[in-house]
*Asks:* 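Provided herewith is a single structure, encoded as structure tokens, for subsequent inquiry.
All of these numbers come straight from a predicted model, not from anything done at the bench. Proteins get letters first, then strands, A, B, ... in listed order; numbering begins at 1 in each.
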Number of protein chains: 2
Amino acid sequence: MPGIDEVARLAGVSTATVSRALNGKLSVSGPTRDRVLAAASRLGYVVSSNASGLATGRTKNVGVVIPFLNRWFYSSVIEGAESALLQRGYDLTLYNLSGGGEERRSVFEHFLLRKRVDAVIAISLELTPSEVSRMLAMNTPIVGIGGPLPGVRTLSVDDVEVARRCTQYLIDLGHHSIAHIGGSQESERDFHLPTSRRVGYEAALADAGIPIDPSLFEAGSFTIESGHRAAMRLLSQPHRPTAIFAASDEMAIGAILAVRELGLAVPGDVSVIGIDDHELASFFGLTTIAQFPQEQGRRAVEMLMEELHPGTGDTLALNVPLPVELVVRQSTARRG
Amino acid sequence: MPGIDEVARLAGVSTATVSRALNGKLSVSGPTRDRVLAAASRLGYVVSSNASGLATGRTKNVGVVIPFLNRWFYSSVIEGAESALLQRGYDLTLYNLSGGGEERRSVFEHFLLRKRVDAVIAISLELTPSEVSRMLAMNTPIVGIGGPLPGVRTLSVDDVEVARRCTQYLIDLGHHSIAHIGGSQESERDFHLPTSRRVGYEAALADAGIPIDPSLFEAGSFTIESGHRAAMRLLSQPHRPTAIFAASDEMAIGAILAVRELGLAVPGDVSVIGIDDHELASFFGLTTIAQFPQEQGRRAVEMLMEELHPGTGDTLALNVPLPVELVVRQSTARRG
DNA sequence: TTGAAAGCGCTAACAT
DNA sequence: ATGTTAGCGCTTTCAA
């Protein structure tokens with residue numbers, strides 16, 4: 001592992017010039033820069049991030065904090081963020097909080113404070129004021145996905161609106177008896193997202209003058225299995241609904257499987273709609289509202305970069321709305 | 001952000017003593033240590049990883065390199081590794097190679113060389129000799145999952161044996177006409193794993209004196225969808241197999257769905273077995289051979305730690321076999 | 001057991 | 001445009 005001084009020697013310049021040339025500073029003449037670059041690549045020189053970080057206060061590393069790793073949505077966001085970061089020469093350091101409270105504390109009170117990261121992306125995490133202020137005190141920019149979060153720039157879909165559109169779509173197809181599979185209390189840690197979706201669902205019904213029937217709601221935990229169980233309960237009621245709106249595609253897929261298992265047809269007997277555009281959605285012909293998680297990761301990185309490398313006249317938007325898109329497939333149909 | 005000197009001042013000792021106390025060195029008296037610890041925690045002091053890393057050459061950070069993120073197996077391994085690392089005060093920096101060749105080059109020629117990581121875990125990656133020697137030249141220990149890899153300590157299941165056991169299990173149930181859904185050429189990047197599994201399958205058949213019928217093999221790409229497609233082809237042959245062995249649970253689940261779609265029953269008409277014990281396996285009642293990916297991640301971390309912090313008389317095993325376990329559920333039955 | 005001081009490998013003023 | 005030099009915040013000899 002050659003150091004900067006070996007490069008300097010080989011190129012016949014000072015280490016300062018090497019540093020300047022390698023960091024693309026302007027004040028280096030063409031020929032000098034070329035000699036330095038050639039020397040560096042000949043020696044296979046790579047800057048030590050510790051030394052460089054210590055000198056500049058910048059690590060070229062971004063921390064990503066997530067509540068779960070093992071779910072399509074989260075790993076997709078990370079995938080998007082990772083490739084955007086790599087492209088810009090940044091590393092991604094992962095902090096998975098699924099372990100529980102103790103883990104979360106140590107991440108925020110130790111790991112994120114040791115100056116290993118220049119910035120933090122927090123996904124679907126309701127940061128506490130103290131967590132936020134700790135980061136801001138260190139001058140570590142944060143971007144949240146799935147906000148809003150007081151004092152933090154966020155990127156988020158309007159969950160109430162998305163749920164309303166799903167429900168409205170079913171209403172427009174002539175359905176009146178529309179069930180909803182939402183989240184339970186404990187899944188609330190993701191930003192009251194289940195609640196928002198339920199609110200949107202109820203708002204659409206209310207707007208259409210359809211009474212809200214509590215027996216048409218079931219809680220799940222955002223898995224195929226829980227969606228299946230919830231749908232089984234909904235469909236074995238005396239008056240079974242003609243449509244189901246699930247708060248996630250995985251639950252919607254569970255519902256589709258339940259419908260089939262009962263010898264009924266989708267969408268002939270029951271229409272099903274979800275949210276996400278999960279990788280399995282097209283396989284199951286699921287109508288859904290897509291929310292492009294990879295893109296969300298990419299955009300979070302862009303927001304961070306604006307803040308880390310201020311350009312001319314960027315305005316740092318505070319809470320950026322995320323695009324969604326209704327994807328109609330074969331799981332929904334006009335009420336028979 | 002207080003520095004070490006503030007802690008030293010508050011505790012009334014030198015920075016050297018603070019460093020020693022905080023790093024658990026023996027040569028610090030009880031009372032002194034207590035005063036230092038108290039001062040540090042009162043100030044909320046956290047060591048700067050850059051400064052510490054520069055001084056020691058150790059970063060307390062491990063790089064994890066994976067070919068995909070968005071698959072149950074990989075994110076499970078990472079989850080296991082992450083929590084094991086966090087527990088030991090290590091960060092995990094993620095390098096996802098799914099982007100393609102260019103990305104891979106930059107990871108090995110730039111990112112991993114800038115001394116940001118103390119060690120590397122490579123998952124299902126056939127490292128080239130040059131990639132390996134680069135790491136070893138920097139004195140960066142590597143552990144591979146899914147080996148063997150020349151010159152690298154690895155952790156791996158015996159894929160041939162696993163496939164043989166799956167097939168044998170079906171044979172023991174009286175099946176003769178056993179189809180196999182394996183991998184295609186391009187999925188070969190994961191260590192010829194598809195090939196190994198096919199070899200095990202054929203070996204079991206040969207041992208039982210069952211002729212190998214090429215029309216009973218179909219290639220998939222380790223997704224539910226591809227398993228479904230492959231099974232559809234297998235089951236629409238004039239002589240349909242009575243059992244299917246899929247090289248992954250996701251493909252096995254696709255197969256189960258295909259069987260049902262054709263109006264047949266699992267396991268009544270067709271038995272299905274997979275490999276993995278995917279989170280959906282129990283929901284689909286899938287018989288499978290479990291391979292505990294989280295555990296694999298945890299053990300890779302343990303191997304690295306042995307190497308990073310050599311204890312007394314550890315012998316560093318070179319290629320460690322990984323345990324697997326047959327999990328019998330409802331997708332397999334004696335031939336009717 | 002503790003302190004003083006010399007680095008670790010870079011970058012950024014400040015000179016020239 | 002380039003070189004000199006003083007840190008960045010720790011750890012670790014070496015001395016006491």
Side-chain angles (χ1 to χ4, degrees), chain A residues 1-37 39-40 43-61 89 110 113-118 138-139 308-309, chain B residues 1-37 39-40 43-61 89 110 113-118 138-139 308-309:
Chain A
M1 284 287 95
I4 197 174
D5 46 354
E6 298 188 43
V7 179
R9 210 173 310 133
L10 181 57
V13 297
S14 71
T15 60
T17 297
V18 173
S19 173
R20 285 188 280 249
L22 260 26
N23 291 298
K25 298 278 196 268
L26 11 143
S27 49
V28 180
S29 76
T32 306
R33 149 173 291 109
D34 292 346
R35 259 184 309 137
V36 170
L37 263 38
L43 296 173
Y45 170 75
V46 177
V47 57
S48 150
S49 59
N50 281 325
S52 164
L54 183 55
T56 58
R58 295 249 168 252
T59 61
K60 292 224 147 207
N61 186 20
H110 178 76
L113 299 183
R114 54 177 170 181
K115 295 177 147 96
R116 196 193 274 308
V117 301
D118 289 343
M138 305 191 53
N139 241 306
L308 253 18
H309 311 285
Chain B
M1 286 289 92
I4 197 175
D5 46 354
E6 297 187 43
V7 178
R9 210 174 309 131
L10 181 57
V13 295
S14 71
T15 60
T17 297
V18 173
S19 172
R20 285 189 278 248
L22 260 28
N23 291 298
K25 299 279 196 265
L26 11 143
S27 49
V28 180
S29 75
T32 309
R33 148 175 290 108
D34 292 347
R35 259 182 311 136
V36 170
L37 263 38
L43 295 174
Y45 171 76
V46 177
V47 57
S48 150
S49 59
N50 281 326
S52 164
L54 183 55
T56 60
R58 295 249 169 251
T59 61
K60 293 223 148 208
N61 185 21
H110 178 76
L113 299 182
R114 54 178 171 182
K115 296 177 146 90
R116 194 192 277 307
V117 301
D118 289 342
M138 302 191 56
N139 241 304
L308 253 18
H309 311 285

*Asks:* If you fit an axis to the five pairs at each end of the helix from dT1(C)-dA16(D) to dT16(C)-dA1(D), how big is the angle between those two axes, to 10 degrees?
*Replies:*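 For the helix from dT1(C)-dA16(D) to dT16(C)-dA1(D), the axes at either end differ by 30°.
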
*Asks:* Counting distance alone, no hydrogens or angles: does the base of dG9(C) have a donor or acceptor under 3.5 Å from a partner atom on the side chain of R114(B)?
*Replies:*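 No, no donor-acceptor pair under 3.5 Å.
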
*Asks:* Just how far, in rounded Å, is P of dG7(C) from CD1 of I4(A)?
*Replies:*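 One finds 19 Å between P of dG7(C) and CD1 of I4(A), rounded.
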
*Asks:* Taking salt bridge (Lys or Arg N to Asp or Glu O under 4.0 Å) as the definition, give me every residue that meets it alongside R114(A), ordered by chain and number, with sequence neighbours left out.
*Replies:*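 Expected list: D91(B).
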
*Asks:* Would you mind reading off the distance between L22(B) atom CG and dG9(D) atom C1', rounded to a whole angstrom?
*Replies:*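 Rounded to the whole Å, the gap is 13 Å.
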
*Asks:* Please tell me if T15(A) has a side-chain N or O lying less than 4.0 Å from either OP1 or OP2 of dG9(C).
*Replies:*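 So the side-chain polar atoms of T15(A) never come under 4.0 Å of the phosphate oxygens OP1 or OP2 of dG9(C).
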
*Asks:* Using heavy atoms to find the nearest nucleotide of DNA chain C for T17(B) and N50(A) separately, return the residue whose nucleotide is more 5′.
*Replies:*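 The residue mapped nearer the 5' terminus is T17(B).
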
*Asks:* So, is N23(A) close to the dT11(C) phosphate, meaning a side-chain N or O under 4.0 Å from OP1 or OP2?
*Replies:*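 Yes, N23(A) has a side-chain N/O under 4.0 Å of OP1/OP2 on dT11(C).
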
*Asks:* Whether S48(A) contacts dG9(C) is assessed here as follows: a side-chain N or O lying under 4.0 Å from the phosphate OP1 or OP2. Is that the case?
*Replies:*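 False: S48(A) side-chain N/O out of range (4.0 Å or more) of dG9(C) OP1/OP2.
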
*Asks:* Taking any heavy-atom pair under 4.0 Å as a contact, classify D5(B): base, sugar-phosphate, or nothing.
*Replies:*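 The residue D5(B) makes no contact with any strand.
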
*Asks:* Could you give the NZ-to-C1' distance, from K25(A) to dA13(C), as a whole number of Å?
*Replies:*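 That distance rounds to 13 Å.
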
*Asks:* With heavy atoms under 4.0 Å as the rule, sort S29(A) into base, sugar-phosphate or nothing.
*Replies:*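 Touches sugar-phosphate only.
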
*Asks:* Nearest whole Å is fine: how far is dG7(C) P from L54(B) CG?
*Replies:*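 Whole-Å distance recorded here is 14 Å.
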
*Asks:* Of all the heavy-atom pairs spanning L22(A) and Y45(A), show the shortest one and how long it is.
*Replies:*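 Distance-wise, the nearest heavy atoms are CD2-CE2, 3.5 Å.
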
*Asks:* Just N and O in the side chain of S52(B): are any of them under 4.0 Å from OP1 or OP2 of dC10(D)?
*Replies:*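 For dC10(D), OP1/OP2 do not have a side-chain N/O of S52(B) under 4.0 Å.
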
*Asks:* Quick one: does any side-chain atom of N61(A) pair with a main-chain N or O of V117(A) as donor and acceptor, under 3.5 Å?
*Replies:*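 Between the backbone of V117(A) and the side chain of N61(A) there is no qualifying donor-acceptor contact (under 3.5 Å).
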
*Asks:* Is there a donor-acceptor pair closer than 3.5 Å between any side-chain N or O of T15(A) and the backbone N or O of A8(A)?
*Replies:*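 No; judged by distance alone, with no hydrogens or angles, the pair does not exist.
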
*Asks:* To the nearest Å, give me how far apart CG (L26(B)) and P (dT11(D)) are.
*Replies:*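 In whole Å, dT11(D) P lies 15 Å from L26(B) CG.
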
